[in-house]
Amino acid sequence: MAGQQQALHTQSLAELAKGLSKGEFSSRELIETLLSRIEEHDRSLNAFISVTADQALAVADASDKARSKGEAGTLAGLPIVYKDIFCTKGVLTTCGSRILENFVSPYDATVVERLSSAGAVMLGKTNMDEFAMGSSSETSYFGPVRNPWDTVRSPGGSSGGSAAAVAARLTPAGTGTDTGGSIRQPAALTNTVGLKPTYGRVSRYGMVAFASSLDQAGVITRTAEDAAMLLSVMAGFDERDSTSVDHPVPDYVSGLTVSLKELKIGVVRQHFDAGLNEQCAARVKDALNVLEQQGASLIEVDLPNLDLSVPTYYVVAPAECSSNLSRFDGVRFGYRADGAKDLLDLYRRSRGDGFGAEVKRRIMTGTYVLSAGYYDAYYLKAQKVRQLISQDFKNAFEKVDVIAGPTTPTPTFPLGEKTDDPITMYLNDIYTIGANLAGLPGISVPCGFVDDLPVGLQLVGPHFAEETILACAHQYQQLTDWHQRCPEAYQ
Ligand code: GLN
């Protein structure tokens, strides 16, 4: 049997699920294979902050045993990695920060709880920009993540660890969070699929908060089918998250094959303005043509306030983060500085040592825009512009079912290239941030290469239209093989 069987690390979750249920291999064999790949390859990537090998093998054994008794959940014995922003009971949860360097969570996030109850096996926790603030996975206290397509380049961020691990075939799937693009952008830059669901579709309980009105949990996989499998388990109301929405959860997998014949795809005029790399534009246009050949129609739409999305986000997100991160005070969680003179000094030193430069920049900006004299001029104004941006999407969705375009303006960039220039770094998310401000679902799917570096096609739908964007992405993947390409050193 071995030899004929496709190597385990190259298989998708859906393929692995079939193999496990046919008894072609055990969960222990699968998990051992992936753990040894992590051991061999993570030195070159720094995708993991923790590897939970013993726990993973114990869960795999339990899963094999349960399966032999005919009791297997939908994800039984299948591997997953969690961005280190998800609380995992008894396991280090650092959020990429020194301030949480030693924080062991006493409970599981809802996402973790649901995936574990369905039988998923955690391989480890993945590296990320500190508190998910960044687009390159370089602001991590644990060092930068490297892109398997070229290890001197960034995998994108902030969920760069999960994206790099999936791209390098160290795991078929990982979770991420997306506040302004942190699932879709790294997916685009690593040739993986990244799904950010509708705001409120997946519980944020147990996810370390960055900007609560924007944060949403999702997944990074190699296929839209796998994203659908995971979303079916993760989604749904949770009374512990007051912003989670009580809306029925469809079986996303069975929705993958709905016909694209009548589908109206919006192509945003502003997406193809200056700023988009010409070769990326060409790959995206090729992808749009593939969808058109399936019977979908392409219709030009406008998002007139698109260029305001980045400045709006960089008022709203820092404002919310300055409030959320006030809980890290050296008393309640994580790192505490030694030798403080008094309470104020303890706060100052613990936060001064514990947070990195980007986090401090955001806290200062956020505190400023919320301060009495500037609240109206910045925060209130940003909230109004946020409404305009949401309205632009509503207007567009009166004419079309999905919006398709580039995920990022360029392919991946060398590590260090943008770290001294935060504004250039922020512009990476020009095409992704709008969906967060409007709470919409979005997916990035591999659509080709520029100079051997991956490019992503982004599909954004109306609220709760995950089925449509997943179907569109899945059928595109049936017609193309970009997602099957793997960086040479990780085959
Ligand atoms: N790159 C954006 C930021 O730095 C978005 C991050 C995210 O989605 N978590 O805030």
Side-chain angles (χ1 to χ4, degrees), residues 82-86 95-97 126-140 144-145 154-163 174-189 194-199 202 204 207-220 309-322 324-325 355-366 369 382 386 407-410 412-413 417-419 421-444 456 458 460:
Y82 294 105
K83 183 180 186 179
D84 210 15
I85 198 168
F86 290 91
C95 221
S97 183
T126 55
N127 203 352
M128 55 182 283
D129 279 301
E130 186 178 7
F131 283 99
M133 297 174 195
S135 306
S136 66
S137 298
E138 287 170 288
T139 69
S140 171
V145 183
S154 162
S158 63
S159 312
S162 288
T175 62
T177 59
D178 193 312
T179 305
S182 279
I183 290 177
R184 291 160 289 157
Q185 187 253 12
L189 303 191
L195 172 69
K196 172 231 177 276
T198 305
Y199 181 76
V202 175
R204 291 184 297 110
M207 233 169 78
V208 180
F210 163 11
S212 308
S213 76
L214 300 159
D215 297 342
Q216 183 58 197
V219 291
I220 296 179
S309 61
V310 173
T312 303
Y313 173 89
Y314 278 99
V315 173
V316 175
E320 294 184 16
C321 99
S322 70
N324 272 328
L325 270 59
F355 291 136
E358 183 61 26
V359 173
K360 287 179 187 158
R361 184 178 297 129
R362 308 267 179 125
I363 292 174
M364 285 190 283
T365 314
V369 301
R386 184 175 185 177
T407 308
T408 59
T410 63
T412 175
F413 43 89
E417 189 181 84
K418 300 189 185 187
T419 36
D421 182 2
I423 306 286
T424 317
M425 187 70 93
Y426 296 169
L427 285 170
N428 268 296
D429 297 317
I430 175 82
Y431 304 125
T432 50
I433 276 178
N436 300 79
L437 291 169
L440 302 168
I443 192 167
S444 180
Q458 180 181 227
V460 173

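Just follow the structure's listing: the first ligand is 1, and inside any ligand the first atom is 1.
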Problem - Q185 near ligand 1 by a heavy-atom separation under 4.0 Å - result: no
Problem - Any donor-acceptor N or O pair under 3.5 Å, side chains K418, T424 - result: no
Handout entry: No-hydrogen, no-angle side-chain donor-acceptor test under 3.5 Å, N324 and S212
Key = yes
Exercise for the section: Please check if any side-chain donor atom of T177 sits under 3.5 Å from a side-chain acceptor atom of D215, or the reverse. Expected result: no
Exercise for the section: Give yes if a backbone or side-chain nitrogen or oxygen of T179 is under 3.5 Å from a nitrogen or oxygen of ligand 1, and no if not. Expected result: yes
Handout entry: For atom 8 (O) of ligand 1, the option (of A211, C321, G180) bearing the nearest heavy atom
Key = G180
Exercise for the section: Would you tell me whether S136 and S154 have side-chain atoms, one donor and one acceptor, within less than 3.5 Å of each other? Expected result: no
Practice task
Answer yes or no: does an N/O atom from F210 fall short of 3.5 Å to an N/O atom of ligand 1?
Solution key: no
Handout entry: Distance, nearest 0.5 Å, that separates CD of E417 from OG1 of T412
Key = 9.0 Å
Problem - Winner among G156, G176, S182 once heavy atoms are compared against atom 9 (N) of ligand 1 - result: S182
Exercise for the section: May I ask you to identify, for Q216, whether its side chain, its backbone, both or neither come under 4.0 Å of ligand 1 on a heavy-atom basis? Expected result: neither
Fill in the blank from the handout: Rounded to the nearest 0.5 Å, the CD1 atom of I433 sits from the CZ atom of R386 at a distance of 11.5 Å
Handout entry: Interatomic distance, S158 atom OG to N127 atom CG [nearest 0.5 angstrom]
Key = 10.5 Å
Problem - Distance-only N or O hit between ligand 1 and G134, under 3.5 Å - result: yes
Problem - N or O pair under 3.5 Å between T177 and ligand 1 - result: no
Practice task
Just say parallel, tilted or perpendicular for the rings of F355 and F131, cut-offs at 30° and 60°.
Solution key: perpendicular
Exercise for the section: Could you tell me the residue and atom name of the protein heavy atom closest to atom 3 (C) of ligand 1, and the distance to it rounded to 0.1 Å? Expected result: Y314 OH, 3.2 Å
Fill in the blank from the handout: Residue, atom and distance of the protein heavy atom nearest atom 5 (C) of ligand 1 read Y313 OH, 3.2 Å
Handout entry: D178 N/O to ligand 1 N/O under 3.5 Å
Key = no
Fill in the blank from the handout: Atoms of ligand 1 under 4.0 Å from any heavy atom of A132, numbered from 1 in the order shown, are 6 (C), 7 (C), 9 (N)
Exercise for the section: Could you list the atoms of ligand 1 found under 4.0 angstrom from a heavy atom of D429? Expected result: 1 (N), 2 (C), 5 (C)
Practice task
Could you list which atoms of ligand 1 come closer than 4.0 Å to a heavy atom of S158?
Solution key: 9 (N)
Problem - Pairwise side-chain contact, Q216 with V202, heavy-atom cut-off 4.5 Å (strictly under) - result: yes
